[in-house]
**Student:** 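For reference, the structure I am asking about is given below.
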Amino acid sequence: MSKNRGSVRLRIAPSPTGYLHLGTVRTALFNYLFARVNNGKFLLRIEDTDLKRSSDTMVDSIIRGLKWVGFEWDEDILFQSDHFDEYREKALELYNKGLAYWCYCTPEEIKERKSTYKKSKRRWMYDRKCYQLSEEDKKRFEEEGRAKALRFFINDGVTEFKDLIHGEIKRENSEIEDFVLLKADGSPTYNLAVVVDDHRMKISHILRGDDHISNTPKQILLYKAFGWDIPRFGHLPLILSKDKTKLSKRKDAVDIFDYKKEGFLPEGMINYLVLLGWSPKNEEEIFSLAELEEKFTLENIHPTPAVFDRDRLLWLNGEWLRRLSLEEVVKRLEIYLKENNFEIENNDYLIKVVKAMGNRVNKLKDFIEIGSYFFTDDFAYDEEGFKKRIYPGVEIRLRELINKFNGLDPFDENNMESALRELSEELKCKAGELIHPVRLGVSGMTFGPGLFELLEVLGKEKVIKRLKRFVDFIEKKKRTTDLHG
Ligand code: GLU
């Protein structure tokens with residue numbers, strides 16, 4: 001395959017009016033991969049033209065989020081807020097060529113005319129009132145100091161392009177409004193700034209969400225008006241919620257950091273997100289970013305919306321937890337635990353914890369949700385488990401077991417298992433009548449890794465201490481129930 005060296009340039013252009021959205025990460029991913037596969041460049045542009053709604057916190061969060069999933073950009077970040085003068089200059093260039101006109105209509109006036117259209121069931125588009133203004137009216141408005149926006153005049157004709165994902169897309173120009181280039185406050189609109197910058201940054205391919213399809217003909221008309229080369233466009237299908245409506249903050253976690261907080265791995269996120277809309281030619285499912293940089297092709301993007309499936313994400317993330325080296329998982333777990341205020345004993349201990357949890361965990365948070373007892377003594381006993389597994393006299397048996405455990409050296413799985421089974425024979429009870437209470441006593445839970453493995457990881461001191469505490473708890477409970485029951 002011939003590689004398009006050097007000339008392929010893509011970008012991701014988030015608006016910092018919210019945190020980094022899952023959909024933006026997926027769009028970034030497809031742009032990044034297409035750039036890498038073609039030995040091209042991947043760039044980042046921050047579209048912060050809406051000064052009221054943009055904030056440094058959001059910018060920072062977006063950049064950290066993109067880095068966290070593993071993206072690197074090849075040139076300095078471009079901030080649109082640094083270029084207001086140029087957008088204005090470019091817009092005025094169109095005005096000077098007679099391709100744009102000032103619009104003095106106030107929002108109230110437009111609202112009123114819009115509602116008249118609505119009443120007579122006509123679709124509203126800017127009605128070119130200001131295009132037809134007489135010279136006197138213009139002069140009067142100027143003298144009054146009326147705020148004015150610059151509108152792009154749409155000529156008759158048809159605008160078409162070959163979308164990289166959807167194929168031919170055609171739009172009658174008569175359906176396109178004379179859209180605004182400069183707002184009344186002098187700031188540029190998205191459609192103006194995006195074209196000026198994509199040209200400045202020599203962007204060759206633009207992959208973005210389907211929700212931008214209606215903007216593309218407008219942007220193509222601007223490229224033509226400026227006399228610039230038009231990049232190739234590809235519109236990615238939307239990501240839908242399980243209920244087939246658009247993925248949204250109200251129903252789903254959409255901020256990438258929500259996933260980081262839950263202990264998802266960047267590898268899992270990338271792997272899942274690429275499969276949201278793209279699939280390889282074979283049945284393969286597990287991909288690293290590096291592998292995707294070789295294998296990704298635009299042809300395998302499906303034009304229909306993709307449904308977000310959290311269970312699949314969870315499964316893939318679990319696969320990645322088991323694919324990464326033990327040292328790597330431990331390193332990440334250590335950071336994660338610290339962020340969640342858990343004290344960490346040492347690396348060897350964490351290695352044992354990770355091994356013992358095996359495929360019971362799919363994300364880092366699972367370690368503290370179903371394995372918090374590895375990191376703290378402060379846990380409650382599962383109530384249902386207690387009712388089911390704790391029987392009269394169990395405390396006497398547990399005391400005997402504590403004695404046996406106390407004498408063990410080494411305190412390992414085999415010795416503990418023999419000691420417990422020996423005791424169950426002596427007491428003529430089932431091993432389970434000891435096993436279940438012991439698990440509850442040392443972990444507060446009714447499930448988890450194999451009991452003896454768990455005990456060995458915890459170590460003699462903790463096991464004995466926790467079992468004694470449990471016996472005290474049972475006795476205390478017995479006394480209070482005797483008194484009150
Ligand atoms: N700032 C736009 C967005 O976040 C960028 C769209 C584009 O890629 O042109 O949707």
**Student:** How long is the span from the CD1 atom in I165 to the OG1 atom in T304, to the nearest 0.5 Å?
**Tutor:**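 Answer rounded to 0.5 Å: 11.5 Å.
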**Student:** Got a salt bridge between E284 and K295, using NZ or NE/NH1/NH2 to carboxylate O under 4.0 Å?
**Tutor:**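 Yes, E284 and K295 are salt-bridged.
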**Student:** Would you say the side chains of N191 and T189 form a donor-acceptor pair under 3.5 Å?
**Tutor:**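 T189 and N191 do not have a side-chain donor-acceptor pair below 3.5 Å.
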**Student:** Would you find a donor on one side and an acceptor on the other, under 3.5 Å apart, between the side chain of E291 and the backbone of S288?
**Tutor:**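 Pair found, side chain donor or acceptor close to backbone of S288.
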**Student:** Ignoring hydrogens, what is the shortest heavy-atom contact between A28 and F71? Give both atom names and the distance.
**Tutor:**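 Shortest heavy-atom contact: CB-CE1, 3.7 Å.
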**Student:** Under 4.0 Å between a side-chain nitrogen and a carboxylate oxygen: does that hold for R332 and E267?
**Tutor:**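 A salt bridge is present here (some side-chain N lies under 4.0 Å from a carboxylate O).
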**Student:** So do L326 and K355 actually touch side chain to side chain, heavy atoms under 4.5 Å?
**Tutor:**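 The answer is yes, as the side chains (C-beta and beyond) meet within the 4.5 Å cut-off.
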**Student:** Mark yes when over 12 heavy atoms from residues, nucleotides or ligands other than E72 sit less than 6.0 Å from its CD; otherwise mark no.
**Tutor:**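 Count not over threshold, so no.
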**Student:** Is the number of heavy atoms from other residues, nucleotides or ligands under 6.0 Å of E112 CD greater than 12?
**Tutor:**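 12 or below, so no.
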**Student:** The criterion is side chain to side chain contact (heavy atoms under 4.5 Å, CB included); which residues satisfy it with K260, sequence neighbours excluded?
**Tutor:**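 K260 satisfies side chain to side chain contact (heavy atoms under 4.5 Å, CB included) with W68, F257, E339 once adjacent residues are dropped.
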**Student:** Do T49 and S187 make a side-chain contact, defined as non-hydrogen atoms from C-beta onward lying under 4.5 Å apart?
**Tutor:**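 SC-SC contact between T49 and S187 ruled out.
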**Student:** Looking at D377 and K462, is there a salt bridge between them, counting it only when a charged N and a carboxylate O are closer than 4.0 Å?
**Tutor:**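 Not counted as a salt bridge, because no side-chain N and carboxylate O are separated by less than 4.0 Å.
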**Student:** Assess whether atom CD of Q132 is packed by more than 12 heavy atoms of other residues, nucleotides or ligands within 6.0 Å.
**Tutor:**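 Yes, because the 6.0 Å sphere around CD of Q132 holds more than 12 heavy atoms from other groups.
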**Student:** Whether the side chain of S120 engages the backbone of Y117 through a donor-acceptor N/O pair (distance < 3.5 Å, no angle test) should be reported.
**Tutor:**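 A pair under 3.5 Å: yes.
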**Student:** Does R53 pair with D50 as a salt bridge, N-O distance under 4.0 Å?
**Tutor:**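 Salt bridge: yes.
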**Student:** Check this for me, if you would: do E75 and R9 make a salt bridge, where the nitrogen-to-carboxylate-oxygen distance has to be below 4.0 angstrom?
**Tutor:**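 Yes, this pair counts.
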**Student:** Of the non-hydrogen atoms in D48 and P16, which two are nearest, and what is the gap between them?
**Tutor:**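 For D48 and P16, the tightest heavy-atom pair comes out as CB-CG, 3.7 Å.
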**Student:** Where do L313 and G268 come nearest, in terms of heavy atoms and distance?
**Tutor:**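 That would be CD1-O, 3.9 Å.
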**Student:** Mark yes when over 12 heavy atoms from residues, nucleotides or ligands other than K67 sit less than 6.0 Å from its NZ; otherwise mark no.
**Tutor:**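 Not buried by this count: 12 neighbours or fewer within 6.0 Å.
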**Student:** Do W124 and I110 have side-chain heavy atoms sitting under 4.5 Å apart?
**Tutor:**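 In short, these two side chains touch, coming nearer than 4.5 Å.
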**Student:** Whether the T376 and D378 side chains hold a donor-acceptor pair (N or O, under 3.5 Å, no angle test) is what I'd like checked.
**Tutor:**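 On atom types as modelled, these side chains do not qualify, holding no pair under 3.5 Å.
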**Student:** Return yes if some donor-acceptor pair links the side-chain N/O of D178 with the main-chain N/O of I154 below 3.5 Å, else return no.
**Tutor:**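 Confirmed, D178 side chain pairs with I154 backbone.
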**Student:** Which distance, rounded to the nearest 0.5 Å, do you find between the CG of N340 and the OG of S372?
**Tutor:**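 Reported to 0.5 Å precision, the distance equals 11.5 Å.
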**Student:** Would you mind listing every ring pair (Phe, Tyr, Trp, His ring centres under 6.0 Å) that reaches into residues 267-301, with sequence neighbours excluded?
**Tutor:**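 Checked against ring pair (Phe, Tyr, Trp, His ring centres under 6.0 Å) - neighbours excluded - the pairs reaching residues 267-301 are F30-F296, Y272-F308, W278-F287, W278-F296.
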**Student:** Looking at residues at least two apart in the chain, or sitting in another chain, which of them share a side chain to side chain contact (heavy atoms under 4.5 Å, CB included) with D382?
**Tutor:**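 If we apply the side chain to side chain contact (heavy atoms under 4.5 Å, CB included) test to D382, skipping adjacent residues, the hits are E384, L440, T446.
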**Student:** Please tell me whether N362 and W315 have a donor and an acceptor in their side chains that are separated by less than 3.5 angstrom.
**Tutor:**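 Absent: no donor and acceptor within the cut-off.
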**Student:** So which atom in L92 and which in L150 form the shortest heavy-atom distance, rounded to 0.1 Å?
**Tutor:**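 Taking every non-hydrogen atom into account, N-CD2, 4.4 Å.
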**Student:** Report, as yes or no, whether the 6.0 Å neighbourhood of atom CG on D56 holds more than 12 heavy atoms from other residues, nucleotides or ligands.
**Tutor:**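 Open.
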**Student:** If we ignore angles and hydrogens, is there a donor and acceptor under 3.5 Å between the side chains of E86 and H83?
**Tutor:**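 There is such a pair (donor and acceptor under 3.5 Å, judged by atom type) between the side chains of E86 and H83.
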**Student:** Does Y373 use its side chain to pair, donor to acceptor, with the backbone of M445 at less than 3.5 Å?
**Tutor:**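 Such a contact is absent between Y373 side chain and M445 backbone.
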**Student:** Given side chains that start at C-beta, do those of L337 and L350 come closer than 4.5 Å, heavy atoms only?
**Tutor:**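 Of all side-chain heavy-atom pairs linking L350 with L337, at least one is under 4.5 Å.
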**Student:** Between R310 and E262, is there a salt bridge with N-O shorter than 4.0 Å?
**Tutor:**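 Yes, E262 and R310 are salt-bridged.
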**Student:** Establish, yes or no, whether a centroid distance under 6.0 Å links the rings of F226 and H199.
**Tutor:**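 No - the distance between ring centres of F226 and H199 does not fall below the 6.0 Å cut-off.
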**Student:** What verdict does the salt bridge (Lys or Arg N to Asp or Glu O under 4.0 Å) test give for D366 and R360, after you've listed the backbone C-alpha separation in whole Å, the side-chain angles of each residue and the deciding distance to 0.1 Å?
**Tutor:** CA-CA 8 Å; D366 294 346; R360 289 175 187 86; over 6 Å; no
**Student:** Taking the side chain as every heavy atom from C-beta outward, state whether I203 and L10 have any pair of such atoms under 4.5 Å apart.
**Tutor:**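 No; the side chains remain at least 4.5 Å from each other.
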**Student:** For residues 149-160, which residue pairs pass the side chain to side chain donor-acceptor pair (under 3.5 Å) check, not counting sequence neighbours?
**Tutor:**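 Checked against side chain to side chain donor-acceptor pair (under 3.5 Å) - neighbours excluded - the pairs reaching residues 149-160 are T159-N173.
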**Student:** When rounded to the nearest 0.5 angstrom, what distance separates CZ in R171 from CD1 in I220?
**Tutor:**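 One gets 11.0 Å once the value is rounded to the nearest 0.5 Å.
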**Student:** Looking only at heavy atoms, what is the nearest atom pair of Y19 and S61, with distance?
**Tutor:**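 Looks like CD2-OG, 3.2 Å.
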**Student:** Looking at every heavy atom in both V442 and F379, which two are closest together, and how far apart are they?
**Tutor:**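 Result for this residue pair: O-CZ, 3.3 Å.
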**Student:** Does atom CG (D243) have a neighbourhood of more than 12 heavy atoms from anything else shown, all under 6.0 Å?
**Tutor:**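 Counting neighbours around CG of D243, more than 12 heavy atoms of other residues, nucleotides or ligands fall under 6.0 Å, so yes.
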**Student:** Quick test of your reading of the model: are E328 and K331 salt-bridged, counting only N-O distances below 4.0 Å?
**Tutor:**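 Yes, E328 and K331 are salt-bridged.
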**Student:** Side chain to side chain contact (heavy atoms under 4.5 Å, CB included) with D210: which residues, sequence neighbours excluded?
**Tutor:**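 H166, I213, H235, P237, L238.
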**Student:** Is it the case that D197 and Y87 place a side-chain donor and acceptor less than 3.5 Å from each other?
**Tutor:**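 Yes - a donor-acceptor pair under 3.5 Å links their side chains.
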**Student:** Students often mix this up, so state it plainly: with edges at 30° and 60°, are the rings of F342 and F375 parallel, tilted or perpendicular?
**Tutor:**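 Judged by the thresholds at 30° and 60°, the geometry between F342 and F375 is perpendicular.
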**Student:** Could you state the interatomic distance from NE2 (H302) to OG (S279), rounded to the nearest 0.5 Å?
**Tutor:**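 Between atom NE2 of H302 and atom OG of S279 there are 3.0 Å.
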**Student:** Of all residues at least two apart in sequence or in a different chain, which pass the side chain to side chain contact (heavy atoms under 4.5 Å, CB included) check with K118?
**Tutor:**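 With sequence neighbours excluded, K118 shows a side chain to side chain contact (heavy atoms under 4.5 Å, CB included) to no residue whatsoever.
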**Student:** Would you mind checking if K90 and E93 are paired as a salt bridge, meaning a charged N to carboxylate O distance below 4.0 Å?
**Tutor:**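 Salt bridge between E93 and K90, a charged N being under 4.0 Å from a carboxylate O: yes.
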**Student:** Quick one: CG on D163 to CD1 on I206, what's the gap to the nearest 0.5 Å?
**Tutor:**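 Reported to 0.5 Å precision, the distance equals 11.5 Å.
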**Student:** The test is side-chain hydrogen bond (donor to acceptor under 3.5 Å, both in side chains); show your working for T245 and K251 and say whether it passes.
**Tutor:** CA-CA 10 Å; T245 60; K251 295 168 293 169; 2.4 Å; yes
**Student:** With R208, which of N31, N215, T216 fulfils side-chain hydrogen bond (donor to acceptor under 3.5 Å, both in side chains)?
**Tutor:**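 Answer after filtering N31, N215, T216: T216.
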**Student:** Output yes when D60 and R64 qualify as a salt bridge under the 4.0 Å nitrogen-oxygen rule, no when they do not.
**Tutor:**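 Salt bridge: yes.
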**Student:** Hey, what do you get for CD (E175) to CE (M125), rounding to the nearest 0.5 Å?
**Tutor:**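 Answer rounded to 0.5 Å: 8.0 Å.
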**Student:** Test your reading of the model: is there a side-chain donor-acceptor pair from Y126 to the backbone of C130, 3.5 Å cut-off?
**Tutor:**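 Flag set: sc Y126 to bb C130 pair under 3.5 Å.
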**Student:** State whether D198 and R45 are salt-bridged, where the test is any N-O pair (Lys NZ or Arg NE/NH1/NH2 against Asp/Glu carboxylate O) under 4.0 Å.
**Tutor:**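 Here D198 pairs with R45 in a salt bridge, since their nearest N and O are under 4.0 Å apart.
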**Student:** Are F153 and Y131 close enough that their ring centers fall under 6.0 Å?
**Tutor:**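 Centroid distance F153-Y131: below 6.0 Å, so yes.
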**Student:** What class does the angle between the rings of F152 and F179 fall in, given that below 30° is parallel, 30 to 60° is tilted and above 60° is perpendicular?
**Tutor:**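 Rings of F152 and F179: tilted, as their planes differ by 30° to 60°.
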**Student:** Any donor-acceptor pair under 3.5 Å linking the side-chain atoms of Y190 with those of Q219?
**Tutor:**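 Side-chain D/A pair, Q219 to Y190: present.
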**Student:** Side-chain contact test, heavy atoms from C-beta onward, threshold under 4.5 Å: evaluate it for L222 versus V194 and give yes or no.
**Tutor:**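 Contact flag for L222/V194 side chains = no.
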**Student:** Will you find, in the side chains of Y32 and E293, an N or O donor that is under 3.5 Å from an N or O acceptor?
**Tutor:**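 Their side chains do contain a donor-acceptor pair, which is all the 3.5 Å distance test asks for.
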